[in-house]
Amino acid sequence: MEEFHKVRRLPPYVFEQVNRLKASARAGGADIIDLGMGNPDLPTPKAIVDKLCEVVQDPRTHRYSSSKGIPGLRRAQAAYYARRFGVKLNPDTQVVATLGSKEGFANMAQAITAPGDVILCPNPTYPIHAFGFLMAGGVIRSMSVEPDESFFPPLERAVKHSIPKPLALIINYPSNPTAHVASLDFYKDVIAFAKKHELIVLSDLAYSEIYFDEKAPPPSVLEVPGAIDVCVEFTSMSKTFSMPGWRMGFAVGNERLIAALTRVKSYLDYGAFTPIQVAATHALNGDGTDIAEVRNVYRRRRDVMVDTFGKAGFEVPPPAATMFAWAKIPEKFRHLGSLEFSKLLVEKADVAVAPGIGFGEQGDDYVRLALVENEHRIRQAARSIKKFLSTADETLHNVISLNAHR
Ligand SMILES: Cc1ncc(COP(=O)(O)O)c(C=O)c1O
């Protein structure tokens, strides 16, 4: 029987192949160190959990909630933008709560895309940026990720040669998976370009608070004067407050786009469970100490990873933000491609990573290492990788032909 039209547009998740290997290795007793999925391992701060427990006792909170977010939650998100970015938002018309930023992004795609619309999307990138639009009938044209002057010539060409003219440009800084961080000057150029060519800009700022240079927190594209005319930005509670399972995020910005997303969502969901929305409000209105602690944990893990992996012969450039390192596959193994290399790491080094190809074809020389294991486990992973790399020539010659590719 033929595959359904939409399902045909969704290739099997690349990460699934590594996950399957990981599960079978674990079933066989292996202690796999999992640097694969970006699933935060830190507990949600106690005050947020306590608030949830308190509110859930009230039966009135057990009814359907508000799809666009309860007013206090939207006000708290507007206050966060004012405090953190100096951006003034109307919580009634320019803020909508989403069931995580992933859901928000996918439903924004549903709301604005007509079949065949062209979307300019970074490559490599977090998969929903492309697949949200592919599911909505859009067509993807890949853009580069580096937030510098090299970004614009391909963008110019795309606008000039795409038919129909592109509808939207997706940006994601700090970037998953590459950890690039954009400057406000870069954003100014993006907005000027978008206005000139009547492009919608969708910015994914999921890592707004996971940065390591205290003097340079990542800006919001909405800080650019007039950005709100063309732009919506997505943020997430998942990483900032270690709340990935709670499913809470936001879209903020242009009223027409926010209204379109709000309308689609009103047909699809009743919003997050009210106690979750109240606890999220409490989190956003907090004093920021929990966020600083989360940053410190990731920073220490990053430093341990860069140091120990480097000494093990696997160079890992230090990311300036996000909870990921984006590392080039050691030369000797690069010809294998990222999926085969990732499988080898599970099988021979008991370490799981995310193959770069899972983020797009431009990612195939890389793997992504998530900082979701503690420092001790990261050191253990480095020791294991060191052994794997130093014995590969002897142990792998009949598995893969390494010598031929030197
Ligand atoms: C860039 C980016 N956007 C969005 C998400 C999804 O976040 P949420 O849990 O809010 O759906 C992730 C999660 O890894 C991400 O890396």
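Computed from a predicted structure; not experimentally measured. Numbers here simply count residues along the sequence, with the first being 1. Quick note: numbers below take in every heavy atom, side chains included, and nothing from hydrogens, waters or symmetry partners.
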Checking [X] now: which residues fulfil side chain to side chain donor-acceptor pair (under 3.5 Å) with it, not counting sequence neighbours?
{"X": "Gln94", "result": "none"}
{"X": "Asp92", "result": "Arg74"}
{"X": "Asn296", "result": "Arg299"}
{"X": "Arg377", "result": "Asp31, Glu373"}

After noting the C-alpha distance and the side-chain angles of Phe151 and Phe193, does the key distance pass the ring-ring contact (aromatic ring centres under 6.0 Å, His included) rule? CA-CA 11 Å; Phe151 186 84; Phe193 185 93; 8.5 Å; no

Please step through side-chain hydrogen bond (donor to acceptor under 3.5 Å, both in side chains) for the pair Ser338 and Asp364, ending with a clear verdict. CA-CA 5 Å; Ser338 58; Asp364 205 19; 2.6 Å; yes

Under 3.5 Å, is there a donor-acceptor pair between the [X] and [Y] side chains?
{"X": "Glu233", "Y": "Ser203", "answer": "yes"}
{"X": "Thr61", "Y": "Thr274", "answer": "no"}
{"X": "Asp185", "Y": "Ser183", "answer": "no"}
{"X": "Asp269", "Y": "Ser67", "answer": "yes"}
{"X": "Asn176", "Y": "Thr322", "answer": "no"}

Side chain to side chain donor-acceptor pair (under 3.5 Å) contacts in which one or both residues fall within residues 248-261, not counting sequence neighbours: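 Counting only pairs at least two positions apart or across chains, the side chain to side chain donor-acceptor pair (under 3.5 Å) contacts touching residues 248-261 are Thr93-Glu255.
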
Do Phe186 and Tyr173 pass the ring-ring contact (aromatic ring centres under 6.0 Å, His included) test, and can you show the C-alpha distance, the side-chain angles, and the key distance before you say yes or no? CA-CA 11 Å; Phe186 173 77; Tyr173 303 103; 5.6 Å; yes

[X] to [Y] - nearest heavy-atom pair and separation:
{"X": "Ser65", "Y": "Ile70", "answer": "OG-CG2, 4.1 Å"}
{"X": "Val294", "Y": "Thr240", "answer": "CG2-O, 4.1 Å"}
{"X": "Ser208", "Y": "Tyr80", "answer": "OG-OH, 3.2 Å"}
{"X": "Phe212", "Y": "Pro319", "answer": "CD1-O, 3.3 Å"}

Run the ring-centre check on [X] versus [Y] and record whether the distance is less than 6.0 Å.
{"X": "Tyr81", "Y": "Phe250", "value": "no"}
{"X": "Phe359", "Y": "Tyr366", "value": "no"}
{"X": "Phe333", "Y": "Phe388", "value": "yes"}

Side-chain donor or acceptor of Arg247 paired with backbone N/O of Gly100 under 3.5 Å: no

First locate atom [atom1] of [X], then atom [atom2] of [Y], and finally report the distance between them rounded to the nearest 0.5 Å.
{"X": "Asp303", "Y": "Met305", "atom1": "CG", "atom2": "CE", "result": "11.0 Å"}
{"X": "Lys343", "Y": "Gln17", "atom1": "NZ", "atom2": "CD", "result": "5.0 Å"}
{"X": "Ile33", "Y": "Ile378", "atom1": "CD1", "atom2": "CD1", "result": "9.0 Å"}
{"X": "Lys265", "Y": "Tyr270", "atom1": "NZ", "atom2": "OH", "result": "13.0 Å"}
{"X": "Leu345", "Y": "Glu340", "atom1": "CG", "atom2": "CD", "result": "11.5 Å"}
{"X": "Arg300", "Y": "Arg302", "atom1": "CZ", "atom2": "CZ", "result": "12.0 Å"}

Identify every side-chain donor-acceptor pair in residues 106-134 under 3.5 Å, counting partners at least two apart or on other chains, and give the distances.
residue: Asn107; atom: ND2; partner: Glu103; partner atom: OE2; Å: 2.5
residue: Thr113; atom: OG1; partner: Ala109; partner atom: O; Å: 2.6
residue: Asp117; atom: OD2; partner: Ala114; partner atom: N; Å: 2.8
residue: Asn123; atom: OD1; partner: Glu361; partner atom: N; Å: 3.4
residue: Asn123; atom: OD1; partner: Gln362; partner atom: N; Å: 3.2
residue: Asn123; atom: ND2; partner: Ser142; partner atom: OG; Å: 3.2
residue: Thr125; atom: OG1; partner: His129; partner atom: ND1; Å: 2.7
residue: His129; atom: ND1; partner: Tyr126; partner atom: O; Å: 3.4
residue: His129; atom: NE2; partner: Asp204; partner atom: OD2; Å: 2.7

Would you call Lys328-Glu315 a salt bridge at under 4.0 Å N-O? no

